[in-house]
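Chain letters run A, B, ... following the sequence lines, proteins first, then strands; residues in each count from 1.
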Amino acid sequence: MDQAVRHLSAGAWPEGLTRVPYWVYQDPEVARDEQTRIFEGPAWSYLCLEIDIPEPGDYRTTTIGAMPVVVARAENGEVVAFENRCAHRGALICLEDGGRVKDFQCIYHAWRYDLRGNLASVAFRRGVNGMGGMPDDFDIAAHGPRKLRVAVLCGLVFGTLSTEVPDIETYVGPEVMVRLRRVLHKKVEIIGRFTQQLPCNWKLYMENVRDTYHASLLHTFFTTFRITRLSHGGGVMVSDNGVAHASTTLAAAKAPDESYSGMRADNQALKLQDPSFMNAVAEFDDNINLQILSVFPGFVLQQIHNALAVRQIVPRGVDSMDLHWTYLGFADDPPELRAMRLKQSNLAGPAGFVSMEDGAVGGFVQRGIATASNQAAIVEMGGSTAEGAETRATEASVRGFWKAWRAQMGL
Amino acid sequence: MDQAVRHLSAGAWPEGLTRVPYWVYQDPEVARDEQTRIFEGPAWSYLCLEIDIPEPGDYRTTTIGAMPVVVARAENGEVVAFENRCAHRGALICLEDGGRVKDFQCIYHAWRYDLRGNLASVAFRRGVNGMGGMPDDFDIAAHGPRKLRVAVLCGLVFGTLSTEVPDIETYVGPEVMVRLRRVLHKKVEIIGRFTQQLPCNWKLYMENVRDTYHASLLHTFFTTFRITRLSHGGGVMVSDNGVAHASTTLAAAKAPDESYSGMRADNQALKLQDPSFMNAVAEFDDNINLQILSVFPGFVLQQIHNALAVRQIVPRGVDSMDLHWTYLGFADDPPELRAMRLKQSNLAGPAGFVSMEDGAVGGFVQRGIATASNQAAIVEMGGSTAEGAETRATEASVRGFWKAWRAQMGL
Amino acid sequence: MDQAVRHLSAGAWPEGLTRVPYWVYQDPEVARDEQTRIFEGPAWSYLCLEIDIPEPGDYRTTTIGAMPVVVARAENGEVVAFENRCAHRGALICLEDGGRVKDFQCIYHAWRYDLRGNLASVAFRRGVNGMGGMPDDFDIAAHGPRKLRVAVLCGLVFGTLSTEVPDIETYVGPEVMVRLRRVLHKKVEIIGRFTQQLPCNWKLYMENVRDTYHASLLHTFFTTFRITRLSHGGGVMVSDNGVAHASTTLAAAKAPDESYSGMRADNQALKLQDPSFMNAVAEFDDNINLQILSVFPGFVLQQIHNALAVRQIVPRGVDSMDLHWTYLGFADDPPELRAMRLKQSNLAGPAGFVSMEDGAVGGFVQRGIATASNQAAIVEMGGSTAEGAETRATEASVRGFWKAWRAQMGL
Amino acid sequence: MLTEIAALNAACARALDTGRFEEWPGFFLDRCLYKVTTADNYESGYQAGLIYADCRAMLADRVMALREANIYERQRYRHILGMPLIGAEVDGLVAVESSFLVIRTMRDGQMLIFAAGTYLDKVRRNQTAEWRYAERIVVCDSQRIDTLLAIPL
Amino acid sequence: MLTEIAALNAACARALDTGRFEEWPGFFLDRCLYKVTTADNYESGYQAGLIYADCRAMLADRVMALREANIYERQRYRHILGMPLIGAEVDGLVAVESSFLVIRTMRDGQMLIFAAGTYLDKVRRNQTAEWRYAERIVVCDSQRIDTLLAIPL
Amino acid sequence: MLTEIAALNAACARALDTGRFEEWPGFFLDRCLYKVTTADNYESGYQAGLIYADCRAMLADRVMALREANIYERQRYRHILGMPLIGAEVDGLVAVESSFLVIRTMRDGQMLIFAAGTYLDKVRRNQTAEWRYAERIVVCDSQRIDTLLAIPL
Ligand code: FES
Ligand code: FES
Ligand code: FES
Ligand SMILES: [Fe+3]
Ligand SMILES: [Fe+3]
Ligand SMILES: [Fe+3]
């Protein structure tokens with residue numbers, strides 16, 4: 001249906017964390033509240049990679065929810081960010097994905113901003129030939145786009161408008177910080193950038209990322225080629241505030257495994273003509289095949305064998321979102337490892353053997369619940385709490401997402 | 001205009017049945033109420049043909065308004081239907097138009113349903129290696145998609161969520177039932193399926209179907225080739241509740257007919273180079289050339305000479321709808337009759353000589369009333385009641401539609 | 001973002017004319033109010049050129065905001081206009097851009113209207129064979145589309161539904177009337193018609209038209225080739241009610257001009273390989289190179305050298321509008337002047353060297369303010385009043401627009 | 001021959017795109033089959049078409065109706081055609097397959113991907129040795145038609 | 001010759017699609033006419049164009065302006081061209097008609113049917129015997145332009 | 001040769017458009033490179049692809065996965081191809097560039113401009129003298145993919 005078909009009643013919420021009412025994915029009011037309470041509220045949003053802006057004057061544009069943002073490297077090397085909106089009449093200050101500048105000049109009336117987003121000059125402020133111009137009492141220092149608080153973490157740049165939210169490491173929590181540092185332990189290099197537009201509410205995708213229960217059931221490829229199965233070792237951890245999660249899968253036991261027999265996902269008939277691309281190069285000194293990590297509201301870090309990527313979730317409307325993929329390698333990748341990353345880029349991404357379905361399943365839910373806004377999802381696998389576990393046969397991390405979401409939404 | 005341009009004031013309704021305020025075609029609130037009060041309310045909606053699901057395990061997907069629905073043939077041969085929404089987290093259970101299955105398995109986490117839509121199993125309900133899984137008190141029988149009440153009538157499958165609405169034959173009424181049985185008197189066969197997307201509110205199309213006044217005036221082809229004219233015999237019948245209607249046109253009198261002289265619709269200059277496709281094969285032992293029948297809210301049965309079709313109306317938004325055409329023949333059609341049906345498929349459908357305009361005229365109204373939401377349509381032809389008549393120079397059946405609509409909407 | 005992302009709070013308005021809150025460009029409620037209070041309210045809207053309908057029976061269709069309108073030449077040569085909506089069930093009466101007819105006949109049920117939009121006949125009003133038809137008391141004279149009050153001014157046709165709004169010349173005001181007559185002083189001829197769809201609220205475009213501050217800063221071509229610079233003579237005039245404006249640029253002083261040095265817009269490196277198209281033919285006996293004139297809400301008259309055009313602004317939604325361009329010449333253009341107009345058609349229009357940016361900049365603002373609806377634009381250049389000035393280094397005319405807008409919106 | 005068939009397709013499409021509908025039946029043989037259907041219908045073996053003509057006269061009647069009888073808002077098509085794939089020749093009829101895309105532009109300038117699909121053709125030279133369609137099955141990829149199908153594909 | 005003209009069209013389109021605008025004027029003769037208009041304007045006999053150049057120098061100035069003067073958001077075109085229809089040759093000028101479709105892709109990845117229509121060309125061999133445009137009238141099916149027309153069609 | 005390459009492109013596109021995916025790897029040499037990327041990535045020198053295969057076996061595995069492993073809603077492609085531009089031949093490999101447009105049609109009939117761009121190909125005759133792809137870099141104009149990329153481009 002091309003429009004909402006229900007009177008939505010945001011506010012009412014079932015007891016506990018095991019039920020999610022479907023109106024949260026449908027109600028435009030909820031989306032508006034999310035913009036103010038979450039994206040512009042006390043949350044850290046991923047902005048870009050530090051290597052996107054290596055030198056002073058380098059900048060990159062992005063959005064926090066729907067808010068356009070400029071991230072720049074100031075003269076002193078500091079990373080800064082501000083709203084991409086001219087103080088004069090509101091035009092975007094930057095029109096490119098990124099670049100290098102001496103300062104910023106709005107194209108509309110040539111008002112200038114320094115690299116930190118401070119209004120520096122107003123064209124014809126004094127008028128021409130003694131006529132026109134701005135009033136003498138116009139205070140340049142009093143005008144400018146909203147400034148963001150910025151944090152750089154393991155080469156990732158995060159930003160927030162909030163002064164209350166604790167520092168990024170506290171926000172993520174110690175346990176997940178360890179997981180984050182495990183992957184981003186040295187200088188990364190971008191090897192690909194893609195945007196995937198998903199026909200679903202942004203929360204359905206973030207739930208999917210945190211949903212350790214679905215992977216081996218939805219993604220046949222995972223199961224059949226034993227990349228991750230619920231019967232493999234590993235587990236999930238969730239920060240106390242629910243904000244961050246990390247799930248891991250240990251290398252498969254060689255032993256036969258009957259736990260999936262008879263399920264669609266377990267298709268032992270499948271054989272690869274070129275299995276070489278599954279021969280991952282061991283690059284982390286542990287036996288973790290696969291680690292998925294997320295930070296509320298919209299950041300994801302992926303390690304699937306040698307396929308590394310950062311994903312940024314940007315809502316576009318109640319039933320549409322953008323997923324920005326940045327495929328990564330390390331700056332010092334030896335050739336054979338880099339070659340393996342390129343081959344394993346087939347695993348994840350919009351065309352990924354083990355992620356393709358994630359692009360569609362959110363839309364299947366969005367359409368499935370079209371007239372069920374007063375019904376609720378059941379999120380009870382693994383109990384009713386948002387605590388980590390030694391298994392992935394749980395929806396604990398999904399419950400953690402809702403714990404963080406409700407705290408910020410005041411619901 | 002890409003958006004509503006009025007403050008709409010649903011609720012206010014003019015006296016009687018002869019005026020229809022234009023906000024009913026524009027107000028998103030009205031569309032939402034229609035979903036709950038009509039499509040999910042005490043009304044029978046057409047779902048599919050019985051021959052779409054001949055054997056146990058056959059299923060077909062459709063929607064009731066915006067609600068996705070699965071219709072299936074159970075083991076015991078019974079036709080059943082249920083909401084196409086997984087009880088777990090709401091994904092569509094079926095992704096295809098139809099098929100044959102042993103049971104239904106949601107792709108997301110492999111929850112299984114039997115052919116009646118009962119939740120049968122939950123993947124990893126007991127967890128793995130003693131960890132995770134659903135709580136012991138999770139009651140599978142207590143969860144599942146909403147079930148529909150189903151009725152099979154002359155090979156047509158109807159469904160409703162309502163337990164109050166009377167049985168389908170009472171709902172349609174005896175008079176129109178006779179008309180329905182006249183056409184669907186033996187086993188049908190599908191000869192074509194098409195979807196037409198109309199740029200108008202769904203009610204404008206249903207009014208058009210019930211509008212016996214327009215046919216010979218809008219559709220020149222009708223008039224010129226004397227397929228139906230208001231001066232021909234026949235008439236219209238409307239059930240007491242307004243829910244069902246049928247209009248008929250008797251074979252044309254051979255006598256000259258001046259009633260249209262001078263009207264655009266009467267173009268005696270037109271001559272067919274191949275008039276053979278107008279030589280309908282007599283297949284019903286009466287002299288009814290043309291019979292159009294509808295059942296509130298969204299079902300239409302068409303007989304135009306030998307062109308038989310079922311049409312299903314599905315709203316997509318206040319100003320958009322889908323019309324699903326199923327072109328029919330009878331299983332025992334002799335070759336010459338089947339050949340004539342194929343030729344006469346030119347008469348109706350999205351490219352039909354006598355129906356093409358119906359695809360556009362709803363949009364002409366939608367655009368014509370863009371800023372007239374506080375004005376009203378005049379539906380006074382043939383008086384002010386919704387009773388049948390021996391003439392088609394009336395809008396009685398349109399008034400009948402509004403009688404049924406207002407009863408369900410409580411307006 | 002594909003939807004509003006704020007709770008909008010129409011009503012609150014900052015002191016004075018120097019701040020414009022961004023919700024005015026975003027709130028659907030505001031757009032609805034604009035339709036009723038402005039487009040259907042006490043304002044004159046441009047409808048078409050008088051030469052579009054030279055003879056009785058000629059008509060042209062257009063819209064006032066979202067209201068479809070027919071403009072016609074009546075039997076007695078008078079120009080009339082009425083809503084393009086059939087009195088019966090609301091279909092568009094005219095489906096073409098224009099043409100010549102004896103009378104108007106709705107295609108749906110053949111109701112006829114005379115050239116003034118009076119309902120003239122109802123098909124089968126008396127039914128057929130004594131059955132059906134309209135009730136005897138149905139009063140044809142009592143039904144029909146809304147009629148407009150029409151004014152013809154210098155070959156321009158304006159219309160309004162309002163009986164209160166003063167005559168068009170009073171509405172425009174004496175000062176701007178002089179500017180209007182300066183250009184439209186003899187019979188025009190159409191030399192091109194184009195529609196440009198802009199991704200912004202209609203008010204952002206009208207502000208741009210009235211914004212004398214931006215031209216030489218945004219449009220490098222203007223500055224570099226010294227078509228208009230703030231340092232050139234000329235100025236801006238605004239009618240007392242703010243409804244009309246005209247800005248003028250006098251021929252450039254030959255003296256060197258450093259006022260733009262260092263600005264992006266001043267690119268002295270640029271040289272034309274064929275400067276001939278800048279050799280405007282002097283056709284108005286003054287030294288005004290460039291005159292832009294507007295009448296609230298949606299009319300613009302352009303003279304850029306020999307490039308003459310009328311522009312009509314039609315809102316399509318909060319963030320979308322159509323701009324209808326009619327390129328003009330005079331009926332008695334000598335060949336060399338006409339040839340120059342064709343060459344100078346490169347200056348303005350959707351691909352115009354000095355107007356291309358105006359098609360995009362409104363969208364840059366719409367996107368820049370996406371989450372800033374509770375912030376405001378600064379419109380303080382040239383002070384705080386809406387009075388004309390001898391300089392264009394002012395936003396006086398933009399303030400005039402808001403003066404008129406707020407008066408009509410009651411804000 | 002490939003070029004000749006491509007030229008036939010191009011000329012036929014051009015007649016429709018330029019509104020010279022009266023020329024369109026001329027690209028067919030007197031005895032011919034023209035059908036507009038969809039991939040789903042084609043694969044299901046459903047015989048009916050949105051447009052169905054079993055002789056050139058019916059094509060001419062379709063054009064006459066578009067001109068004289070039917071009401072539809074002013075619109076234009078723009079056919080973009082793929083390279084024909086020439087198939088087997090069976091008793092004088094050459095099978096040809098070509099991809100097509102049709103963009104529809106409405107009076108107000110709105111453009112839409114109206115149809116995409118394959119032409120399944122059987123062509124033969126007529127008495128004057130020009131290639132003509134003995135059969136053209138228009139198989140649209142989508143079973144969805146926006147508003148109405150007036151001008152043939 | 002058909003192939004040569006098709007190659008000319010393809011090469012010209014490619015220069016625009018790959019952002020090598022500076023090469024574009026080179027496909028025209030010094031004295032030439034290039035005009036972008038619409039079917040409605042063309043049929044009404046309205047002479048003005050969205051872009052109007054009566055010599056190659058004006059085409060070069062257009063490219064210079066796009067590079068140096070005008071502001072527009074980063075975008076790409078993709079031309080898809082139909083088979084050229086070669087018409088009559090009149091004093092050395094060969095008339096050619098070809099259908100075109102242009103998909104515009106914006107910086108953020110949004111794709112749009114930006115234009116569809118016909119090229120009405122007059123071509124001639126230049127001194128070095130290469131086919132060049134003496135005249136190219138770009139007749140768009142739609143009179144509606146989204147946002148702006150920067151890159152030529 | 002132009003015609004032969006155009007026929008190769010057409011046949012390869014047809015295999016995908018008609019759902020005969022198993023035939024698709026056959027248009028490539030055993031040792032080959034197939035990559036789907038975007039203009040932005042290509043210009044930035046980013047090596048990774050949405051799809052990346054360095055031998056025909058990987059193409060076959062991709063098809064196998066689409067058939068047996070991956071879940072995606074029923075959809076069809078329609079390729080519309082431009083005239084190939086034949087480039088230089090370097091040690092037996094001929095460089096070819098062709099524009100493409102792909103319209104995707106979903107089960108419910110919704111049509112979308114799914115991709116447009118250029119094929120940067122290197123072709124060579126195989127043992128049986130048929131042209132085959134030694135390399136095909138699919139450079140999409142847009143970096144935006146709607147929902148997912150299942151069927152190869
Ligand atoms: S809007 Fe930025 S300078 Fe005016
Ligand atoms: S949503 Fe169906 S099994 Fe999880
Ligand atoms: S709507 Fe115009 S005559 Fe019925
Ligand atoms: Fe997944
Ligand atoms: Fe009808
Ligand atoms: Fe401007």
Most contacts with chain E, counted as non-hydrogen pairs under 4.5 angstrom, among F:I80, F:L81, F:L2, F:D40: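 That would be F:D40.
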
Do you know which of F:G117, F:C140, F:A115 has the most heavy-atom pairs under 4.5 Å to chain E?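 If we count pairs closer than 4.5 Å to chain E, F:G117 comes out on top.
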
Within-4.5 Å side-chain heavy-atom neighbours: [X] and [Y]:
X: F:M83; Y: E:T3; value: yes
X: F:I113; Y: E:I103; value: yes
X: F:L112; Y: E:M111; value: no
X: E:H79; Y: F:S99; value: no

Identify whether the distance between the nearest side-chain nitrogen and carboxylate oxygen of E:R76 and F:E43 falls below 4.0 Å.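 So E:R76 pairs with F:E43 through a salt bridge.
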
Atom OG1 in E:T18, atom CD in F:E97: separation rounded to 0.5 Å? 7.5 Å

By a 4.5 Å heavy-atom criterion (distance strictly below it), what part of [X] contacts chain E: side chain, backbone, both, or neither?
X: F:T118; answer: both
X: F:D146; answer: neither
X: F:L85; answer: side chain

Side chain, backbone, both or neither: which part of [X] has a heavy atom under 4.5 Å from chain F?
X: E:R74; result: side chain
X: E:R107; result: backbone
X: E:A7; result: both

Do other residues, nucleotides or ligands put more than 12 heavy atoms under 6.0 Å from [X] [atom1]?
X: E:Y133; atom1: OH; result: yes
X: F:R31; atom1: CZ; result: no
X: F:Y119; atom1: OH; result: yes

Which pair of non-hydrogen atoms, one from E:G109 and one from F:S142, has the smallest distance, and what is that distance? O-OG, 2.7 Å

For residues E:R78 and F:D141, report the shortest heavy-atom separation together with the two atoms involved. NH2-OD1, 2.8 Å

